[in-house]
Number of protein chains: 2
Amino acid sequence: MASLKRTGKVVCIGRNYAFSSDHIAELNSARPKQPFFFQKPTSSILLPGDGPVLRPKGVDLHYEVELALILGKRVRDLNPQDEQAALDAIDSYALSIDMTARNVQNEAKKKGLPWDISKGFDTFLPLSGPISKWAIPDPHNIELYLTVNGKVQQQDSTQLMLFRIPRILGDISKVMTLEPGDIVLTGTPKGVGPVVPGDVMRAGIRVNGEEVEEAKLEVN
Amino acid sequence: MASLKRTGKVVCIGRNYAFSSDHIAELNSARPKQPFFFQKPTSSILLPGDGPVLRPKGVDLHYEVELALILGKRVRDLNPQDEQAALDAIDSYALSIDMTARNVQNEAKKKGLPWDISKGFDTFLPLSGPISKWAIPDPHNIELYLTVNGKVQQQDSTQLMLFRIPRILGDISKVMTLEPGDIVLTGTPKGVGPVVPGDVMRAGIRVNGEEVEEAKLEVN
Ligand SMILES: [Mg+2]
Ligand SMILES: [Mg+2]
Ligand SMILES: [Mg+2]
């Protein structure tokens, strides 16, 4: 399995979940024409046991639980129709939280400035350890969840992804060659919200209702 | 000297040059309050001899010649007043061209979307080889130039930087820890413009009117 120490870049998809399966049907005409994406710096990665998420002064800090793909192959211009090629390019998975300085991001959006500061502070990318592909037979049919102080805030199936993994890898790799060790975050389901110092986030993955042990993530 | 193969991340400053020294004086009241920055993926690096810049379909491709810093130390929360610490953190320099899909960037700005696609295509970061610090005794007093098909398009002193290197490294490292091998692009002087396939860009650095041999960069 890939070591997270080999990470070259982290590419993240924005707005990639419907609110519900009804919403998916609704969106079919109106959904974004293509996925858009941004980078988080490798310096933002927080590995298990590496301590709490830091909250920079004046920052309105939000969680976004996401399924992360760890690439095992070089991928360039992947055919978005080729589901097998997409799955073959994945070495393993991880659970991730795309921590976001929401007020900084909103300011950046308003001014047309890059998102990098809002997404890129040190510790803004808590990751579980690598999860083997055996534990996740179908990445488009697992449940992601995140609780804050024991209260469920996010809990949805990856079936609600607007753009599925082959399309995501296709679109990114038309722009940027993906290398082994690169990480791709696939977007977050509804329920994102704020955390303050002292809050405990717990996140995980369920496959057919069963907890995936390697996916368990607890961060202060 | 640092090898460019060790690059972890590439962080770039936006809008960092005055048009002239008069303009600097004018700007002193009105200039941006702080530098903003974005990332280019390491996959966009084009090393000397690695071939032409690719122009993706439908892209309005612009050059931006910039002085690049190659970090030699881990830098976190650098004091922007500490010029010596900033210079000590630099292992070596490089000349770079921050290739930009201008129409894609303008669309992203309008929609409040990330800049990563417009800045991040493969080959969008031509770099010279590393330039030793001996060749650049004062990075705030060198001339950057870029010609297209022999015609000078950019040619200005780094004295026109709005935010100097200690401030740049201070601001970035307050957000993201910089690691040895990371690259920082320091912004581009006036004169940016389009190139089309077949155009030849030549860029370089002059110190006291003398060409720095290692800085010479030629890209198709
Ligand atoms: Mg960005
Ligand atoms: Mg996200
Ligand atoms: Mg630039």
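The model shown is predicted, which means the values in this text are computed figures rather than measured ones.
If you measure heavy-atom distances from Arg74(A) to chain B, you find no contacts under 4.5 Å at all. Contact of Lys110(A) with chain B is not made at all, since no heavy-atom distance falls under 4.5 Å. Contacts between Ser44(B) and chain A at a heavy-atom distance below 4.5 Å are absent for every atom of the residue. Neither the backbone nor the side chain of Lys57(B) comes within contact range of chain A; no heavy atoms are under 4.5 Å apart.
Shown here for Met176(B) and Ser43(A), the closest heavy-atom pair between the two residues is CB-OG, 3.9 Å. For the residue pair Pro41(A) and Gln39(B), the shortest heavy atom distance occurs at CA-OE1, 3.4 Å.
The interface of residues 117-124 of chain A with chain B, defined by heavy-atom distances below 4.5 Å, comprises Ile117(A), Gly120(A), Phe121(A), Asp122(A). For a heavy-atom cut-off of 4.5 Å, chain A lies close to no residue in residues 188-200 of chain B.
Shown are Val11(B), Asp116(B), Ile172(B); of these, the side chain to side chain contact (heavy atoms under 4.5 Å, CB included) with Asp116(A) is made only by Asp116(B).
Separating the CG atom in Asp182(B) from the OG1 atom in Thr42(A) is a distance of 6.5 Å, to the nearest 0.5 Å.
Residues meeting the ring-ring contact (aromatic ring centres under 6.0 Å, His included) test with Phe36(B), sequence neighbours left out: Trp115(B). By the side-chain hydrogen bond (donor to acceptor under 3.5 Å, both in side chains) test, Glu83(A) pairs with no residue at all, sequence neighbours left out.
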